[in-house]
Amino acid sequence: MTEAPVLVINAGSSSLKYQLLDAENGEALAKGLVERIGMPGANIRHEAGEVEIRREADVPDHAAAIQLMRQLAAEAGLDLEHTPLRAVGHRVVHGGRSFMRPTVVDDHVLAEVERVSVLAPLHNPAALQGLRAALDAFPQTPHVAVFDTAFFAELPAASATYALDTAIAKKHAIRRYGFHGTSHEYVSAAAAGFLDQPDAKLIVLHLGNGASVSAVDAGRPVETSMGMTPLEGLVMGTRTGDIDPGVVLHLHRVAGLSVDEIDTLLNKKSGLLGLAGTNDMRDLVAAVEAGDDAAKLAFDVYIHRLVSYVGAYAAQLGGVDAIIFTAGVGENASAVRAALAAKLEPLLGTNLDETLNEQRSAQTREISTPDARTKLLVVPTNEEWQIARHAVDVT
Ligand code: AMP
């Protein structure tokens, strides 16, 4: 390794995920996860090469989680007190209109991230806690905030604008921001590199527990399915994705649900979970194979929505060179890839190679036949590496 490593931190409200990596080649030197922060009996998992440490302890806050990370790193042979870090990169969900690109963190940036928290009330406050704790723990190192929305900051106005009263939209910063931007950016660049086609027209399917699709033309995003919040778009593990806003009004006026109850219903109790009782695609596919009708309907709704988005984005792009699968479902669920490819075949000529589709690999790979008109690729996402590269670029 030529450069000092970069520490990447992804702070959730009760979790802290971290990775120490070489920004040049993406090699992870150590990584870990602290869960149940602020609750009794937090779980910690730390991995460094062959070493894996698991522990249960009380971790009252993010500052304690970072101290614990340091302690476990030291136990695994890496003294972070004395290892110079090139930078600390932080995942921040929402940058609003304030942050169009990765930004070195100072007091002004902290205040601005706090100000845009109103757009991501569940996510940005957690990122702020992680930022503040890491700034205290590593005061000599530059810290960089990398925003999930930044890749989509320059979406064309026609894609970013809701057909809502302009004055109200402006006053309340209501527009389509898009999320999972770090993943879409990494994956689209990796796919264009793999194809050796910098001007490729790509549709990227980030299918994890959260899911979003983007259309990327020669490296620039022209469409994405998540909007002002991550609720819009595809059917997800626990989120509805697109739904008639009239349903929300009906749930309030007629069903008598409060705004918070509707929020929980749409974000946490819907999607695959709401339809079939599981948000895990492995369990869903197993249930479909076992003949479960609810699982079959959930799977069909999931694929139906995907097909609609891919068709629409192919039209927006004026053609498509490759469709990319990434994240937990995209990288692993061959049944989802097969169902989607079968439906797209007549329009796009996505000739799935069924043998390649069933193979597993941690590498970027093609799963369509050589004569496919639209290529199908599986590209493992690596948000940590993308964040580390951004952190190095701006410091
Ligand atoms: P992510 O949010 O990217 O971590 O993706 C998590 C989701 O990926 C899980 O909820 C599962 O639905 C799905 N997943 C992970 N592994 C597999 C697998 N081997 N087959 C099918 N789905 C999987």
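Side-chain atoms are counted along with the backbone in the values below, which use heavy atoms only and exclude waters and symmetry mates. Every number for a ligand or one of its atoms is a count from 1 in the order of the listing.
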Q | N-O pairing of Glu185 and Arg389 below 4.0 Å | A | no
**Q.** Shared-cluster residues of Leu128, by chain and number - hydrophobic side chains joined below 4.5 Å
**A.** Val92, Phe99, Val105, Val109, Leu110, Val113, Leu131, Leu135, Phe147
Q: Dump the intermediate steps for salt bridge (charged side-chain N to carboxylate O under 4.0 Å, His left out) on Glu52 and Arg54, then the final yes or no.
A: CA-CA 7 Å; Glu52 182 177 323; Arg54 284 173 187 270; 2.7 Å; yes
Q | Within 45° cone and under 6.0 Å: Arg70 NZ/CZ vs Phe138 ring | A | yes
(Q) Taking ring-ring contact (aromatic ring centres under 6.0 Å, His included) as the cut-off, I'd like each qualifying pair that reaches into residues 301-325, sequence neighbours left out, listed once. (A) Tyr309-Tyr313
**Q.** Under 4.0 Å from ligand 1 - residues by heavy atom, chain and number
**A.** Gly208, Asn209, Asn279, Asp280, Met281, Arg282, Ala327, Gly328, Val329, Asn332, Ala333, Arg360
**Q.** side chain to side chain contact (heavy atoms under 4.5 Å, CB included) involving Asn209 - partner list, sequence neighbours excluded
**A.** Asn279
